[in-house]
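Every chain is numbered from 1, with letters handed out A, B, ... down the list of sequences. These figures come from a predicted structure and were not determined experimentally.
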Amino acid sequence: MLNIYNSLTNQKEEFKPIVPGQVSMYVCGMTVYDFCHIGHARVLVVFDVVYRYLQHLGYDVNYVRNITDIDDKIINRANERGEDFYRLTQRFIDAMHEDADALGVLRPTKEPRATDSIGIMLKMIAELVSNGHAYQAPNGDVYFSVAKYKDYGQLSGKKIDELRSGERVEVDTQKNDPLDFVLWKSAKPGEPSWPSDYGDGRPGWHIECSAMSTQMLGNHFDIHGGGQDLQFPHHENEIAQSECCTGEKFVNYWMHNGFVRVNEEKMSKSLGNFFTLRDVSKDFKAEEIRYFILSSHYRSQLNYSEDQLNNARSALKRFYGALLGAEICEPLSNTDYQKRFEAALNDDFNTANAVAVLFDLVRDINRAKTEDSATVNALASLLKYLGGIIGLLQSDAESYLKGQVGDYSGLNDDKVDDLIKQRLDARDNRDWALADRIRDELTAARIVLEDGVGGTRWRRG
RNA sequence: GGCUGGGUGGCAGAGUGGUCAUGCAGCGGCCUGCAAAGCCGUCAACGGCGGUUCGAUUCCGCCCUCAGCCUCCA
């Protein structure tokens, strides 16, 4: 039985889909004006695990993750570069796909772009205007009337009165109420725009998610996810717009992942303390980054540091070390390991706990290695199968361990094999000094040797 | 100021009203020509003060403290 922590009620609840056997899930994706950083990677990976695990449980999952490809930042960036905004966003969409693929993130079922959905947004806006929940201001902008939605604040726990008293935004005289938010922005000269009954303009940020999610998943769907920073105002506003427009409940389960932090501070574009995936990938394998993300619970904060990534590196070496030499076959079914593993994931996707189960399995594999290979193969296959449920351990063990990343010395695999052969000769002659000298040479090139009964193995350290 | 969520052993990070988390690091041993890897053993923690309880790191209250949101942000 799967339990999910619901941000709407602030407690874990048993997951029950609206339609038995099917899950409809929407996750707020990237605004594509720059490369993805580790914080973005966390959303991608966290909800990839949710997606994979729901499928593992046998659900037919309709997973929609949007792309915001029109907003102020995109326009500004395009202007700075003198590049057409559509070309700019296309470039970063391609980059995002490359990054996500590398991390082992499965493509969502659908990945709508905001600019392809303007029509449906305008329909929603028209409905909100006609039913009195929205109005057009003198300057042409269309705003949503927060005060007219009595349940506003249900997700973030905020109260309209308190928001108003803590108001820090300068009052926009165009709005009837400072809390109102924009649905349609009228275009300034030279900005990308779309025609509408309210004049040329572009959509506000919040309406796109309401439009694309309800269009693709229905007015009422199961799961909506995103980063914690979207809880307010973005998700709160989505609820308000959607429910005022459709008259139905919008979403049953809200999921929010915690931030990645750098030196006790949120990693964010505005603080400038972010590390892009591309930067980090110069020194670490994508799977190490994925493991790092999954080594803590998705709702807790995650501190980014090189030590943490090194820790992930050690962990994966241990996993792949256990897998090395085993023959992968049909995994054992109904094992205690699988039960514990699933119990962990059933508990609000507790990947940290699930990974701990995998380490117990590793110990059993390594123990069995001195005894019989059938047990090793069976347990290793189970390890690989369970790892696959959270998108880990799917590489070939030997190539993973020999794989290189970043600036290693120029020693290629053939040269390594050659040196190892020379060292073996030296060892046969009991010339330990020479053997050790060769090993030192390899060590300097970050090659680690392991002399075993079956010969000498090596890996890149 | 309002609202969230935290404070666990050297580090990271789960969890529980009374027996082991787990990984890395450390220490002792086995294995090895020596290593490495692996295995066995081992050390060690629950922010502070009260309360409930036979017993609390785990429940309750207060305090201290950290992060996040309240403005764009995954």
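If you take atom P in B/A21 and the same atom in B/U16, they sit 14 Å apart, rounded to whole Å. Rounded to the nearest Å, the gap between the P atom of B/U8 and that of B/C3 is 25 Å.
Within the 4.0 angstrom heavy-atom criterion, base atoms lie near A/Phe259. When heavy atoms are screened at a 4.0 angstrom cut-off, A/Phe292 is found touching no nucleic acid atom at all. Looking at heavy-atom distances under 4.0 Å, A/Gly258 makes contact with a base.
OP1 or OP2 of B/G5 sits under 4.0 Å from a side-chain N or O of A/Tyr5. Side-chain N/O atoms of A/Ser300 include one lying less than 4.0 angstrom from OP1 or OP2 on B/A14. Contact annotation: A/Lys266 reaches the phosphate of B/C69 (side-chain N/O to OP1 or OP2, under 4.0 Å). Contact annotation: A/Arg77 side-chain N/O to B/C72 OP1/OP2 distance is not under 4.0 Å. One finds no side-chain N or O of A/Thr31 lying less than 4.0 angstrom from the OP1 or OP2 phosphate oxygen of B/C72. For B/C24, neither phosphate oxygen OP1 nor OP2 lies less than 4.0 angstrom from any side-chain nitrogen or oxygen of A/Arg313.
Residue side chain A/Asp451 reaches the base of B/C34 through a donor-acceptor N/O pair under 3.5 Å, judged by distance alone.
Distances were taken from every side-chain heavy atom of A/Arg439 (C-beta onward) to each of B/G23, B/A14, B/G33; the shortest belongs to B/G33. If you check B/G5, B/C69, B/G23 against the side chain of A/Ala315, the one that comes closest is B/G23. Ranking B/G33, B/C39, B/C66 by closeness to the A/Ala435 side chain, first place goes to B/G33.
One finds the CG atom of A/Leu324 at 8.0 Å from the CD atom of A/Glu450 (value rounded to the nearest 0.5 Å).
Note on A/Asp101 versus A/Arg107: salt bridge recorded, some NZ/NE/NH1/NH2 to OD/OE distance being below 4.0 Å.
A/Leu449 places its CG atom 9 Å from the C1' atom of B/A35, with the value rounded to the nearest Å.
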